[in-house]
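Inspection log for the structure reproduced underneath, given as structure tokens.
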Amino acid sequence: METLDVFSLRVALGAVALTALVLMYAAVFRANRSAYCAWWCWALAAFMAGTACYLLNGTDHQVWANPLGNALTVGGAWCVWLAARSLRRPVTNAWWAVVPMGATGAAGLLDDSDVDVWAGGAVLLAAMALLLGLASLELLALVRASRTFATHVVYTRFARVMGITSTGLAAYYAWRLALFALVGPEHTLFVSGAGSVPTTIVTMVVLVVVSFSATALSNEEQTLSLRKRASLDPLTGLLNRADLELLSDREVQKARFTGTTAAVVLADLDRFKDINDTFGHQAGDQALRLFADSCRHSVRSSDVLGRYGGDEFVMVLPAADADTVTEVITSIRRLFTDGQSGRDGVVHSASFGVAYSDAETDFPTLLAHADAAMYRAKASGRGGVAVHEGP
């Protein structure tokens, strides 16, 4: 009767996984091509294939079907982890999945898989707990991440739901592993609380939650991606003028409210028109990208950075004193100089103007002050730094 219940439940689980896969692929992935959704489709396919292998338990094919089912199940958990990672960074080296899958399958083959349906079970449970735990850490990191416009995003409650679900499932597999090691898979405590029947039921419930939340997260990922592209300058990847002004004004207001000092830095490439006229617009674009990268690697994570227009760049450094501003500008100048190939025989430079906030000055005024200081720096020989002092 136990075997019949497990078989029936696994058939139902396979049907649920297949339905979720078809709906997610047809209704979500084909519409938004979300990386998160793609990895979940692979995960559902792996879980479904693994469940199909488990249906051969108790037959002559068990000797290979059970280890293969274990490997595919671990492969599905690997895809769940990659799905969570894709929300924060591009996924690389996905082929490393062959390592945990191969280890799990080999453990089953070497552990009397022809007579024992739990052959290699310890490796399977350990791998599932680890990978689901890693997925939960990725998702919960999204929830904890503080919002920085156009660089980090605040995910909705769906990320929180997925994170909590992954954490609970990882804890469940860790509990199964502990029971497996302490009492064995034949013990009543393991069978009733962590065996195939309760696990299959838990998995079906999780698939329902996952299908709904993954769809919402995929759509949100696409929306945020579109918003991000609309907020960034296409050439340099920095904030465009509109969002730069919005966020800069917010930081200056915050500095006035908290009684701290914010520094506004305006940078302008020297003789940029000559670069375009002499070496072509492609060389000018390369200079802009190089300067943007130099700024990006020099500012702090709390700073605001964007392309104001043409060859002008603006930085707002909250709670920054003169030493901090000097350190940032020095780093930018060094990286910008070091990054030039020198093939044209000219080392391009940039001039900087700096203005510090006070209790009354707003961002447009500070930007005008920084602009005036920047032109003084150009007049003094270019490649220099000038600080606005007084009205």
Side-chain angles (χ1 to χ4, degrees), residues 1-17 43-44 46-81 100-137 164-210:
M1 189 65 178
E2 171 71 10
T3 304
L4 179 61
D5 290 341
V6 172
F7 184 88
S8 301
L9 284 172
R10 282 175 174 165
V11 170
L13 175 60
V16 171
L44 290 171
F47 289 142
M48 184 179 64
T51 300
C53 290
Y54 290 143
L55 294 178
L56 297 176
N57 282 345
T59 69
D60 294 338
H61 301 289
Q62 175 180 307
V63 63
W64 61 264
N66 195 275
L68 179 58
N70 290 350
L72 289 169
T73 301
V74 169
W78 181 274
C79 292
V80 170
W81 175 37
M101 292 177 66
T104 306
L109 288 172
L110 297 174
D111 194 21
D112 299 328
S113 60
D114 55 335
V115 295
D116 185 6
V117 296
W118 278 101
V123 177
L124 167 68
L125 297 176
M128 293 294 291
L130 174 62
L131 292 172
L132 292 171
L134 290 174
S136 69
L137 290 177
I164 294 173
T165 301
S166 297
T167 301
L169 200 56
Y172 176 70
Y173 270 95
W175 179 60
R176 295 185 74 198
L177 176 62
L179 287 180
F180 185 90
L182 293 174
V183 301
E186 305 299 330
H187 195 279
T188 304
L189 180 60
F190 183 90
V191 173
S192 60
S196 299
V197 171
T199 300
T200 305
I201 295 174
V202 168
T203 304
M204 281 194 289
V205 173
V206 167
L207 282 180
V208 174
V209 175
V210 162

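Along the sequence shown, residues carry numbers from 1.
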Rounded to the nearest 0.5 Å, how far does CG of Leu55 lie from OG of Ser8?
-> 10.0 Å

Set of residues satisfying side chain to side chain contact (heavy atoms under 4.5 Å, CB included) with respect to Thr199, sequence neighbours excluded = Tyr172, Tyr173, Arg176, Thr203

Please tabulate, for side-chain N and O atoms in residues 177-193, each donor-acceptor pair with protein atoms closer than 3.5 Å (sequence neighbours left out).
unit_1	atom_1	unit_2	atom_2	d
His187	ND1	Leu189	N	3.0
Ser192	OG	Thr188	O	2.8
Ser192	OG	Leu189	O	3.3

Work out which heavy atom in Ser166 is nearest to a heavy atom in Ser136; give both atom names and the distance.
-> CB-CB, 3.6 Å

Sorted by chain and residue number, the ring pair (Phe, Tyr, Trp, His ring centres under 6.0 Å) partners of His61 (sequence neighbours excluded) come out as Trp64

So CG of Leu132 and OG1 of Thr167: to nearest 0.5 Å the spacing works out to 9.5 Å

Pairing residues for Ile164 by the side chain to side chain contact (heavy atoms under 4.5 Å, CB included) criterion, not counting sequence neighbours | Arg160

Non-hydrogen side-chain atoms of Thr73 and Thr104 separated by less than 4.5 Å = no

Hey, can you pull the donor-acceptor pairs under 3.5 Å for the side chains in residues 74-81, sequence neighbours left out?
unit_1	atom_1	unit_2	atom_2	d
Trp78	NE1	Ala94	O	3.4

Output yes when a side-chain donor or acceptor of Tyr54 lies under 3.5 Å from a complementary backbone atom of Phe7, and no otherwise.
-> no

Would you tabulate the side-chain donor-acceptor contacts of residues 108-126 under 3.5 Å, counting partners in other chains and residues two or more places apart, or write 'none'?
unit_1	atom_1	unit_2	atom_2	d
Asp111	OD2	Gly120	N	3.0
Ser113	OG	Val63	O	2.7
Asp116	OD1	Trp118	N	2.9

